[in-house]
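Take a look at the structure set out below.
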Amino acid sequence: MSKVAGFLSPLVADETSAEEYLVGFRWPAGVLCPKCGATDPSVRSQDPPLKWRCRSCRRDFTATTDTAMHRSKIGLAEWLAAVWSWDTRPPVLACELGISAPTSRRIAAALEMTEQPPGEGRLAVLLTQHHDLTEAMRARLPATLQPEDNPIADLTSGQRTVMAVLRNRPRGAEAEKIASAAGLTVEHTTSCLEALSSRGYARCEEASVAWGYGSLTVPLWSLDLNDECILALAFLPRRPDPVDRSLPEQVPPEFWWLFWSGSHAGDLRLPEDAFQVACTLLDGPDRVAREWALRCLPVESLQRCRGMRGYDIDPLASAIDAAILERSIA
Ligand SMILES: [Zn+2]
């Protein structure tokens, strides 16, 4: 257990405090029945794992019932360590947590399915996932996929990193931006991009990108999403981009065209004009702009928008609620 304590923050030293933490995180206002939502269940067991029985629907439950962590082979302290871990490749998890290779693959798949960076946001998703993550993960891969089929076993770590960055940028990106996201020099990144290009995984195209109300022509690298590249991606561990939590001061120029001419988007200032910006982008035709707004605009502006007519219809309403919840937790 000392290994787990050293691996993680001082948050959880052992199974009992891990369970305590999880109960407080899952039910901040008191334990609720996961099935019917009734409050004040009777306590069935005081020893770990804590067990309750719902007074209303009579169901027994624990802190992990109906979550991705239910009936897991590893303890909650290990789960929390994995949830806070940046490097979630199965061999790393297996080594750091002292767990078996198959278990580490299941944990890594569960973490990847959350599509969240390390921390409480990732934990929040794990707590709401009822389905069997192993099955969900398997369904995304060809049935016959074997480790020896791995087409990227011979890629260098730089090439893998660059490929992972490209996956997070479906619209393509300039080599300098990829280098900065990958934490590599521009020269190294360029040579990785060229290697990926010669294998047919990446391509470079002159693209016209929106800049204010006009456009610029720049060389953009992106993944060449042919079958081989998609198979390769199945073997590439997902590394979430670190989330930038600082609030922006301006609407990015590529979204300016979404604002009608009555207001010049270049004059909009954040956070002062955040509400107006939120109203336009959340409801607009550009999905990337909407995601930027959900991730970057002040939470209060999202909340104010959410209360207005037109923003209370799914799927927009759910997307706003999810963003507010995630960012309030984080
Ligand atoms: Zn109940």
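Note that ligands are numbered from 1 as they come in the structure, with each ligand's atoms numbered from 1 the same way.
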Review point. Have Ser318 and Asp321 got a donor and an acceptor in their side chains that come within less than 3.5 Å?
Key: no

Identify each donor-acceptor pair in which a side-chain atom of residues 36-45 lies under 3.5 Å from a protein atom, sequence neighbours left out, and give them as a table.
from: Ser42; atom 1: OG; to: Arg53; atom 2: O; distance (Å): 3.2
from: Ser45; atom 1: OG; to: Asp47; atom 2: N; distance (Å): 3.3
from: Ser45; atom 1: OG; to: Asp47; atom 2: O; distance (Å): 3.0

Review point. Where the side chain of Arg290 meets the backbone of Ala319, is there a donor-acceptor pair that is under 3.5 Å apart?
Key: no

Point to revise | Tally, protein N/O/S atoms nearer to the Zn ion (ligand 1) than 2.8 Å | key: 4

Study note, to complete from the structure: For Arg327 and Leu302 the tightest heavy-atom approach is NH1-CD1, 3.7 Å

Practice item. Among Thr62, Thr67, Asp66, find the residue that satisfies the side chain to side chain donor-acceptor pair (under 3.5 Å) test when tested with Thr64. Key: Thr62

**Study point:** Aromatic ring pairing Trp84/Tyr21, orientation class (parallel under 30°, perpendicular over 60°, tilted between)
**Key:** perpendicular

